[in-house]
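A short worksheet on the structure shown next.
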Amino acid sequence: MAEDFVIEMLNITKEFPGIKANDDITLQLRRGEIHALLGENGAGKSTLMSVLFGLYQPEKGVIKKDGKEVRIKDPNDANRLGIGMVHQHFKLVECFSVLDNIILGVEDTRMGFLQKDAARKKVMALSEKYGLRVDPDALVEDISVGMQQRVEILKMLYRDNEILIFDEPTAVLTPQEIDELMEIMRGFKAEGKSILFITHKLNEIMAVADRCTVLRKGRYMGTVEIASTTKEELSRMMVGRDVEFAVEKKLMEPGENILEVRDLVVPSRVHKNNAVKGVSFDVRAGEIVCIAGIEGNGQSELVFGITGLEKVTGGSIRLCGQDITAAPIRDRSKAGMSHIPEDRHKHGLILDYTLGENLVLQCYWQPQFQNHGFIRAGEVRKYADRLIQQYDVRSGQGADTIARSMSGGNQQKAIIAREIDKDPQLLVAVQPTRGLDVGAIEYIHKQLVAERDAGRAVLLVSLELDEVMNLSDRILVIYEGEIVGEFDPKTTTVQELGLYMAGGKKQKEGQA
């Protein structure tokens, strides 16, 4: 008996300038299964799904739905075939409400006027049924990233899609939200929906997927049954070598205080209260201090205050003994601060600049790169080529590649290369491995530890508890804008951290 494939992508080839993103790939999705698509950053996963969703047209290959060949010229064709997609970087209109975003493109109108009542009922019924709690009237720009993802999922369900593509759905979620999403996916599967799940988090694949297809550098490596494989085997297929899951660190030898934060107050962008309420801590040379917390508890605003992206309304910040509380961003940078930002698109890169231009954003004004106000293009290229090679930043056209066209992981590597190469006294790293594969995570963890061992101060902000436990020398838990506990990763547990992160416990002054 023939297998019941709801979607078949046969011998798909897709090329971009200088790169074969998909090289003769075949992917078959069974009806009612969760099928993971695994691969390093830039392996061609998102490209393959964009072909299925009609965003790209392949040079070769055919797509079949229920055994019949189909042409998917654009996302509207995909939707008509019951295919929906949650993109890695959400496709939402920030100044629209949640409800308007969900119905956008399939609005019900009468005499040219929007009819939202039935739509609102349907959206609320779907959100109840699947546990996707949203406020339909909130503006997208005011809601958390996890909430935005729920809006994307409701967009698919509102269109009655049967084949659901999730592109890196957990890259921006807290551990609790990831568990919820896994439950939601299991619920979809139980209803007979078919899911394609792009990820490079091996734990998640082992937890929810039935089968997994692995891509490496645009090529098909094979499809395996999850029940009969291991994390190690999957990572070998994906990277082509064994990967270290544990971080090697020598004993910490802390020096003097590099960063001193005292009674810091930062206002919130969303509501009238302060997002950071009188926070004080130090980061010493030669240590990694991690701020751990559930998203939305003030860690973003704390970093904005320290790095100069947001004005502080109280308290002080000193870097290497120098008061930088009100200093402009460039002065902070010159004083020895580097910043790997949380949102690589908003604060990390200028997406329409080339990779080379992005790599000199922090230093183009120096004599090495300019002469009487004119950029020395040859010097910029030489510098960019060195960083691209040293940090293994993969791009179709080297330094001339437009940043927007690179995969998310390679965009992240470019930012890390730029910020670490400045040789900072303090490295502020916010979610540095968000959306990266195991090979890239291993590499970036080694870079952060190397900075610490070279006597730099590292302030890490992470939602990944494994990363927090693995990398930190000290952990500070933030809850509702206050530091509620300080921990030594060698003597605490993930469960205990979770209690403090959820506001269940708070340490007394002086207790650690």
Side-chain angles (χ1 to χ4, degrees), residues 7-29 35-64 72 78 83 85 87-89 165-169 171 196-202 205 209 211-224 229 233-243 344 351 354-355 388-389 391-414 435-443:
I7 288 286
E8 293 174 89
M9 301 183 77
L10 306 172
N11 311 106
I12 300 290
T13 295
K14 176 69 197 156
E15 297 183 37
F16 296 108
I19 201 160
K20 227 179 206 180
N22 292 151
D23 186 356
D24 191 29
I25 292 176
T26 290
L27 172 72
Q28 295 172 304
L29 174 67
H35 192 118
L37 188 55
L38 175 69
E40 288 184 279
N41 302 116
K45 310 180 296 290
S46 295
T47 303
L48 188 66
M49 290 302 99
S50 295
V51 167
L52 178 57
F53 195 57
L55 290 166
Y56 296 142
Q57 296 306 307
E59 274 75 40
K60 292 194 197 110
V62 296
I63 299 175
K64 290 183 176 178
I72 304 176
I83 300 168
M85 182 164 177
H87 300 268
Q88 181 178 1
H89 296 290
I165 305 168
F166 288 89
D167 186 356
E168 297 284 355
L196 279 161
F197 171 36
I198 303 181
T199 184
H200 33 231
K201 294 189 178 173
L202 299 167
I205 292 181
R211 291 190 306 151
C212 176
T213 291
V214 183
L215 305 185
R216 190 194 313 159
K217 293 187 180 169
R219 292 228 168 109
Y220 173 74
M221 290 283 119
T223 300
V224 293
T229 190
E233 195 175 326
L234 286 175
S235 72
R236 240 191 325 274
M237 282 175 79
M238 168 168 118
V239 186
R241 61 179 174 83
D242 290 333
V243 175
R344 53 180 168 244
L351 290 170
T354 65
L355 174 54
I388 288 167
Q389 193 178 351
Y391 288 81
D392 187 26
V393 184
R394 294 180 195 171
S395 53
Q397 296 157 290
D400 296 330
T401 311
I402 300 297
R404 186 183 296 282
S405 71
M406 290 161 52
S407 76
N410 283 299
Q411 291 174 348
Q412 186 76 354
K413 279 186 184 173
L436 297 191
D437 61 67
V438 285
I441 289 171
E442 175 193 41
Y443 177 79

When you measure from the side chain of [X] to the backbone N and O of [Y], does any donor-acceptor pair fall under 3.5 Å?
X    : Y    : answer
R216 : M237 : yes
T26  : N11  : yes
T213 : T223 : no
N410 : R394 : yes
Q411 : A403 : yes
Q57  : I72  : yes
R211 : Q28  : yes

Does any part of the side chain of [Y], heavy atoms only, come nearer than 4.5 Å to the side chain of [X], both counted from C-beta?
X    : Y    : value
V62  : I12  : no
D392 : K413 : yes
L202 : S235 : yes
L234 : C212 : yes

Using every non-hydrogen atom in the two residues, find where [X] and [Y] come nearest and quote the distance to one decimal.
X    : Y    : result
T354 : A399 : CB-O, 3.3 Å
K45  : L38  : CD-C, 3.7 Å
K14  : E59  : CA-OE1, 3.1 Å
T47  : N22  : CG2-OD1, 3.5 Å
I198 : M49  : CD1-CG, 3.2 Å
H87  : F53  : NE2-CE2, 3.8 Å

| Between the side chains of D167 and S46, is a donor N or O closer than 3.5 angstrom to an acceptor N or O? |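 Side chains of D167 and S46: pair found under 3.5 Å.
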| Can D24 and R219 be counted as an ion pair, charged N to O under 4.0 angstrom? | no
To the nearest 0.5 angstrom, please state how far the [atom1] atom of [X] sits from the [atom2] atom of [Y].
X    : Y    : atom1 : atom2 : result
F197 : L37  : CZ    : CG    : 10.5 Å
K217 : M238 : NZ    : CE    : 12.5 Å
L52  : L196 : CG    : CG    : 6.5 Å
L215 : L48  : CG    : CG    : 6.5 Å
I25  : K20  : CD1   : NZ    : 11.0 Å
I402 : S395 : CD1   : OG    : 11.0 Å

| Please walk me through it: do L355 and M406 pass side-chain contact (heavy atoms from CB on, under 4.5 Å)? | CA-CA 9 Å; L355 174 54; M406 290 161 52; 4.1 Å; yes
| message | Set out, in order, the CA-CA distance, both residues' side-chain angles and the distance that settles side-chain contact (heavy atoms from CB on, under 4.5 Å) for L10 and K64, then state yes or no. | response | CA-CA 8 Å; L10 306 172; K64 290 183 176 178; 4.1 Å; yes
